Amino acid sequence: MASSALISDTESWKDLRAHVEEINKTHLRDLMNNTNRCQSMMVEFDGILIDYSRQRATLDTLNKLFSLAEAARVKEKIIRMFNGEHINSTENRSVLHVALRAPRDAVINSDGKNVVPEVWHVLDKIRDFSERVRSGAWVGATGKTLKDVVAVGIGGSFLGPLFVHTALQTEAEASECARGRQLRFLANVDPIDVARNITGLNPETTLVVVVSKTFTTAETMLNARTMREWISSALGPQAVAKHMVAVSTNLKLVEQFGIDPNNAFAFWDWVGGRYSVCSAVGVLPLSLQYGFSIVEKFLKGASSVDQHFLSAPFEKNIPVLLGLLSVWNVSFLGYPARAILPYSQALEKLAPHIQQVSMESNGKGVSIDGVPLPYQTGEIDFGEPGTNGQHSFYQLIHQGRVIPCDFIGVVKSQQPIYLKDEVVNNHDELMSNFFAQPDALAYGKTPEQLQKENIPEDLVSHKTFSGNRPSLSILLPSLNAYNIGQLLAIYEHRVAVQGFVWCINSFDQWGVELGKSLATQVRKQLHASRKKGESVEGFNFSTKTLITRYLEASADVPSDPSTLLPNI
Ligand SMILES: O=P(O)(O)OC[C@H]1O[C@H](O)[C@H](O)[C@@H](O)[C@@H]1O
């Protein structure tokens with residue numbers, strides 16, 4: 001395919017378009033009867049079992065998707081990514097989050113230089129620092145051990161670490177290592193988030209980790225200044241050196257902020273924000289909370305999937321298969337959304353994290369060459385743990401819109417409970433739902449079945465389930481640091497595969513800029529109005545009216561305030 005030609009102009013794409021008609025003649029009820037088909041639609045790697053037999057696809061569909069992958073040069077693009085080529089062309093950068101979890105002796109080049117030694121240099125520094133803090137060798141300004149950590153950051157500097165932290169919190173080994181310690185995340189610029197984070201914390205025993213790739217993100221920098229004030233107003237300005245450290249690619253700005261460069265943990269421009277949880281962004285706060293050896297297991301799990309992604313043939317390659325099936329659902333079957341439904345409360349922050357990984361990566365309108373696309377890219381991701389979601393939005397999934405679902409289950413619970421005299425144990429109860437929901441979606445319930453059950457005629461249509469609703473099931477052996485790393489890497493690479501097929505740049509995010517610059521204009525206005533009483537100018541009627549109302553109704557806000565921090 002010539003670089004400016006669109007993937008939708010290829011024969012493979014057109015073939016899949018035509019194939020939809022064939023698939024529309026099938027029903028999952030019947031497809032599921034074909035054991036050979038179902039058997040070929042299971043794939044296993046490193047303890048993880050994926051069952052995609054409930055996708056609205058046949059083996060023929062898969063072959064056609066493999067042809068599409070070939071037309072889109074997916075294999076070549078994967079290799080180019082691992083080789084450190086500048087596949088993020090609009091920012092002229094490599095995309096090398098795989099190097100963050102590569103073994104110490106691996107060689108991964110960016111711009112002719114092996115980056116793995118730098119990665120391990122920072123990892124070793126984190127191991128050393130986190131051990132000193134955890135052991136009490138590094139203490140706060142008043143000599144007390146720092147047992148609590150507030151990680152200040154937003155977007156990719158927040159969601160991945162929050163996901164992993166939430167998943168580890170109830171894991172036996174990790175929770176033992178975290179005994180007596182707390183890790184909190186301050187993300188939103190809303191002062192309420194500051195209040196929530198500092199409530200119950202003592203500055204004397206708190207370490208603040210400012211996490212920002214750029215060190216310019218408005219929200220993070222204001223929150224960092226707020227936390228600096230919280231520390232210095234309680235302990236004096238000299239305490240900042242002992243109570244604040246940073247993670248960034250911009251070490252110059254870290255120093256300007258007043259953080260000792262020795263206490264700054266670097267990462268690199270070849271790590272995208274939403275792919276940065278395996279850099280110091282996640283590794284530092286998580287190591288402070290759980291110890292480096294737990295976090296190293298997480299990195300190993302991700303690395304295992306990296307190797308699989310690079311080397312497994314496409315028919316057995318989990319991220320490739322899942323990525324291609326997502327493209328099938330979005331671009332051919334026309335399903336714009338995807339539900340991420342982990343049957344594990346520990347995975348409650350998976351969906352919010354994948355929302356950024358997937359939607360910021362693939363929500364694009366032009367090809368990587370800048371050509372407007374005649375097809376939609378990306379999907380609308382949302383999700384909640386089961387069974388909570390079942391009592392909330394599943395109604396729509398069963399009888400309303402068709403939303404392909406990812407069901408994620410775990411064989412061994414992190415926290416088993418057995419009650420004498422119960423029919424099943426608590427985890428089996430949860431898993432009963434995990435196994436039942438995909439079949440309910442796939443098979444549905446026909447009017448004939450309802451009539452046999454003597455359902456009153458006027459209720460038959462209400463109680464009918466059309467079925468034929470696709471899902472896939474991911475079964476993890478357990479949920480420890482290693483498995484969490486595997487799961488993360490599967491989703492990261494799946495998103496990349498989708499972007500490779502759609503021929504977009506999944507690694508830039510220009511769409512977040514416009515809102516930021518308009519906020520700058522509003523910020524200037526609020527400042528001028530509050531300080532100098534200037535009237536609101538330069539906005540459309542609607543925005544002007546709203547801002548004016550806001551200012552008038554909050555006229556009691558002091559124009560030259562003295563410092564006020566939350567006090568709850
Ligand atoms: O880590 P930072 O530089 O503070 O960036 C935080 C976030 O900022 C923006 O919203 C970007 O779109 C995100 O991709 C990024 O993760």
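Excluded from the calculations below are hydrogen atoms, water molecules and symmetry mates; all remaining heavy atoms, backbone and side chain alike, are included. In listed order, ligands and their atoms are each counted from 1. Nothing here was measured: the structure is a model prediction, and the numbers come from that model.
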Inset, instruction - Mind checking ring-ring contact (aromatic ring centres under 6.0 Å, His included) for Phe500 and listing every partner two or more places apart, or none if nothing turns up? - result: none

For ligand 1, which atoms sit closer than 4.0 Å to a heavy atom of [X]?
| X | answer |
| --- | --- |
| Ile154 | 6 (C), 7 (C) |
| Ser157 | 1 (O), 2 (P) |
| Gly155 | 16 (O) |
| Lys213 | 1 (O), 2 (P), 3 (O), 4 (O) |
| Gln356 | 13 (C), 14 (O), 16 (O) |

How far is [atom] from its nearest protein heavy atom, and which residue and atom name does that atom have?
| atom | value |
| --- | --- |
| atom 9 (C) of ligand 1 | Lys516 NZ, 3.9 Å |
| atom 5 (O) of ligand 1 | Thr217 OG1, 3.4 Å |
| atom 3 (O) of ligand 1 | Thr214 OG1, 2.6 Å |
| atom 16 (O) of ligand 1 | Gly156 N, 2.7 Å |

Inset, instruction - For the pair Arg494 and Glu379, find out whether any cationic side-chain nitrogen is under 4.0 Å from an anionic carboxylate oxygen. - result: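 Salt bridge flag = no for Glu379 with Arg494.
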
Legend entry - Residues Arg93 and Asp508 bridged, charged N to O under 4.0 Å: no

Inset, instruction - Verify the distance criterion only: is there a donor paired with an acceptor across the side chains of Trp268 and Ser110 at less than 3.5 Å? - result: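 No donor-acceptor contact under 3.5 Å links the two side chains.
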
Legend entry - Exercise: do Gln182 and Arg184 side chains pair donor with acceptor under 3.5 Å: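 Gln182 vs Arg184: donor-acceptor pair found between side chains.
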
Inset, instruction - Give a yes or no on whether the ring-centroid distance for His165 and Phe185 is below 6.0 angstrom. - result: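 Ring centres of Phe185 and His165 closer than 6.0 Å.
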
Inset, instruction - Please say whether Thr220 places an N or O atom under 3.5 Å from an N or O atom belonging to ligand 1. - result: no

Inset, instruction - Just let me know how Val512 lines up against ligand 1, side chain, backbone, both or neither, with a heavy-atom cut-off below 4.0 Å. - result: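 Contact part for Val512 vs ligand 1: side chain (C-beta onward).
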
Legend entry - Winner among Gln509, Arg274, Glu360, Glu219 once heavy atoms are compared against atom 14 (O) of ligand 1: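 Checking each option, the heavy atom nearest atom 14 (O) of ligand 1 is found in Glu360.
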
Inset, instruction - With sequence neighbours left out, write down each residue that passes side-chain hydrogen bond (donor to acceptor under 3.5 Å, both in side chains) with His86, or none if nothing qualifies. - result: Asn92, Asp111

Legend entry - Minimum heavy-atom distance between Arg338 and Ser326, given as atom pair plus value: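 Of all heavy-atom pairs spanning Arg338 and Ser326, the closest is NH1-OG, 3.8 Å.
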
